Amino acid sequence: MLDIKLIRNDPDLVKENIKKKFQFDKLPLVDEVIEMDKEYREAHTRADYLRSQRNSISKSIGALMAQGKRDEADEAKKQVTAMADEMAQLAVKEDELSAEIRKRMLVIPNIIDASVPIGKDDSENVEIERFGEPVVPDFEVPYHVDIMESLHGIDLDSARKTSGNGFYYLCGDIALLQSAILAYARDFMVDRGFTYYIPPFMIRSGVVDGVMSFAEMEGMMYKIEGEDLYLIGTSEHSMIGKFIDTFLTEDDLPQKLTSYSPCFRKEVGAHGIEERGVYRIHQFEKQEMIVVCKPEESMQWFDTLLKNTIDFFRTLDIPVRSLECCSGDLADLKVKSMDVEAWSPRQQKYFEVGSCSNLGDAQARRLGIRVKNKETGNYFPHTLNNTVVAPPRMLIAFLENNLREDGSIAVPEALRPYFRNKAEIR
RNA sequence: GGAGAGAUGGCUGAGCUGGUCGAAGGCGCACGACUGGAAAUCGUGUAUACGGGGAACCGUAUCAAGGGUUCGAAUCCCUUUCUCUCCGCCA
């Protein structure tokens with residue numbers, strides 16, 4: 001969400017940005033907002049004037065009553081009553097206009113960073129850097145579910161019976177492996193100065209409305225029947241939600257948080273859940289990182305957050321690459337975003353395991369997250385988030401990359417303290 | 001889940017028989033005076049958003065949130081959320 005003052009002062013910049021994102025159908029929104037904003041301010045000014053009149057007359061009524069001047073007081077009351085209609089109409093107009101303006105503001109995309117490559121869709125995303133050698137072993141790498149089954153680590157049949165497609169039982173060493181990865185990820189982030197959080201796994205509709213669009217909500221969120229509660233799709237929802245309508249002081253910045261939560265997603269969007277396996281599922285666990293910082297520091301934090309995830313995967317011997325979202329693939333709220341992709345020896349390509357985003361001040365403006373500053377005035381901080389690791393999807397990369405020819409799995413050094421000090425799974 | 005009490009500025013706390021209340025007092029904070037310097041003391045100031053104005057400043061809204069009554073609501077009524085106490089139920 002942009003500052004309306006930016007739209008007023010530099011509509012061409014906003015339009016250029018929309019063009020860069022190939023969202024030509026949104027171009028008219030800019031002029032609509034400018035026009036409605038003008039109307040709104042006219043109505044607002046007039047309504048303020050009437051309210052001011054009413055307030056002063058009402059005060060005088062009090063004085064007249066105190067002096068016992070009944071008739072004059074009644075006369076004054078009539079004056080206020082005469083304004084009532086216009087005031088009511090203006091109030092309705094103000095509400096309608098501001099709602100219409102907000103509706104448009106929410107879909108006008110954030111100004112993308114100058115470094116974002118221009119492109120229509122995900123096919124034009126740009127690989128930035130590779131880390132580690134993408135190895136294709138000379139033996140065949142089985143499908144991840146087959147690896148898990150051979151290690152007695154997954155039961156999809158039972159899960160379909162109890163919960164349906166898109167759910168899983170992990171068991172034995174694979175379940176332990178997932179717990180180990182999450183515990184390791186937690187400590188990895190704590191060692192880098194982040195504060196560990198276990199947030200609420202359900203949030204109210206008011207928070208949901210704040211953190212996502214209606215379309216996203218329909219496609220992602222599970223609602224608890226009979227309660228005003230939704231299962232979170234990611235801990236970012238509760239973690240950013242915790243700051244809604246709050247003032248931070250500059251001493252509070254930067255907020256460096258890492259949160260664990262299960263994530264629940266309906267996945268009713270484009271893909272659905274057709275594939276067998278744990279790539280796209282209704283329930284997974286995730287370690288996330290969140291930063292709230294001063295605007296001038298956000299790009300630096302972006303690089304730091306991205307590096308955290310890459311470093312994490314590298315300590316587990318998984319080759320990764322960073323892939324920058326091009327303008328057309330970048331979500332409207334984001335200034336810049338890079339995916340971390342892990343190497344799949346079986347598919348011989350990289351696949352998404354995490355996403356690092358700089359939201360600029362758009363999320364903070366939308367949610368009313370502000371920072372107090374007496375000298376320069378209060379301002380909106382920048383917000384960023386990134387995935388540390390999200391198993392079981394990450395397990396696919398882990399198992400494929402650490403698979404040995406005999407079917408056993410090598411456990412990298414870094415993970416062993418969390419994995420009952422075992423060096424392999426067989 | 002039941003019964004009761006409550007939610008006021010950065011904090012504390014009055015107001016809550018509706019009008020001079022954006023809100024006393026205290027604490028904190030900022031600036032100034034006093035001082036060799038400091039403490040103490042004294043003085044002044046100290047919310048947010050939007051709109052208008054070059055600016056000083058002016059207007060409007062905000063006393064948990066939303067709605068209602070009224071010429072006028074922190075104050076009365078309704079709904080929701082949250083907090084505390086007691087009871088119940090539990091990991």
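Model, not experiment: these values are computed from the prediction. We name chains A, B, ... by the order of the sequence lines, and we start the count at 1 in each one.
- Sorted by first then second residue, the salt bridge (Lys or Arg N to Asp or Glu O under 4.0 Å) pairs that include residues 74-90 of chain A, not counting sequence neighbours, are A:Arg46-A:Glu86.
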Enumerate all atom pairs, one protein N or O and one N or O from nucleotides 81-84 of chain B, separated by less than 3.5 Å.
| unit_1 | atom_1 | unit_2 | atom_2 | d |
| --- | --- | --- | --- | --- |
| B:U81 | O3' | A:Arg204 | NH2 | 2.5 |
| B:C82 | OP1 | A:Arg204 | NH2 | 2.4 |

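- Within the 4.0 angstrom heavy-atom criterion, only backbone atoms of the sugar-phosphate kind lie near A:Asn378; the bases stay farther away.
- For A:Arg41, the side chain to side chain contact (heavy atoms under 4.5 Å, CB included) criterion is met by A:Arg8, A:Asp37, not counting sequence neighbours.
- Pairs engaging residues 225-263 of chain A under the ring pair (Phe, Tyr, Trp, His ring centres under 6.0 Å) rule: none recorded [sequence neighbours left out].
- The side chain to side chain donor-acceptor pair (under 3.5 Å) analysis of residues 52-65 of chain A, with sequence neighbours excluded, yields no pairs.
- Among residue pairs with one or both ends in residues 10-65 of chain A, those qualifying as ring pair (Phe, Tyr, Trp, His ring centres under 6.0 Å) are A:Tyr40-A:His44; sequence neighbours excluded.
- Scored by the side chain to side chain contact (heavy atoms under 4.5 Å, CB included) test, A:Glu124 finds A:Lys120, A:Cys326 as partners (sequence neighbours excluded).
- Atom OH of A:Tyr379 and atom C1' of B:U48 are 17 Å apart (whole Å).
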- prompt: Would you write out the dot-bracket form of RNA chain B, 5' to 3', with Watson-Crick and G-U pairs under 3.5 Å, [ ] for crossing pairs, | for pairs to other strands and . for unpaired bases?
  reply: ((((((((.[[[..)...(.....]]]((((((.......))))))((((((....)))))).[[[[[..)....]]]]])))))))....
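- Applying the side chain to side chain contact (heavy atoms under 4.5 Å, CB included) criterion to A:Arg204, with sequence neighbours excluded, gives A:Asp228, A:Leu229.
- Between the P atoms of B:G6 and B:G59, the separation comes to 36 Å (whole Å).
- Sorted by first then second residue, the salt bridge (Lys or Arg N to Asp or Glu O under 4.0 Å) pairs that include residues 150-175 of chain A, not counting sequence neighbours, are A:Asp157-A:Arg160, A:Asp173-A:Lys422.
- If you take atom C1' in B:A23 and the same atom in B:U48, they sit 15 Å apart, rounded to whole Å.
- Applying the ring pair (Phe, Tyr, Trp, His ring centres under 6.0 Å) definition to pairs two or more places apart or across chains, those involving residues 407-426 of chain A are A:Tyr184-A:Tyr418.
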message: What does the B/S/- profile of nucleotides 58-79 of chain B look like, 5' to 3', with a 4.0 Å heavy-atom cutoff to protein?
response: -BSS---------BS-------
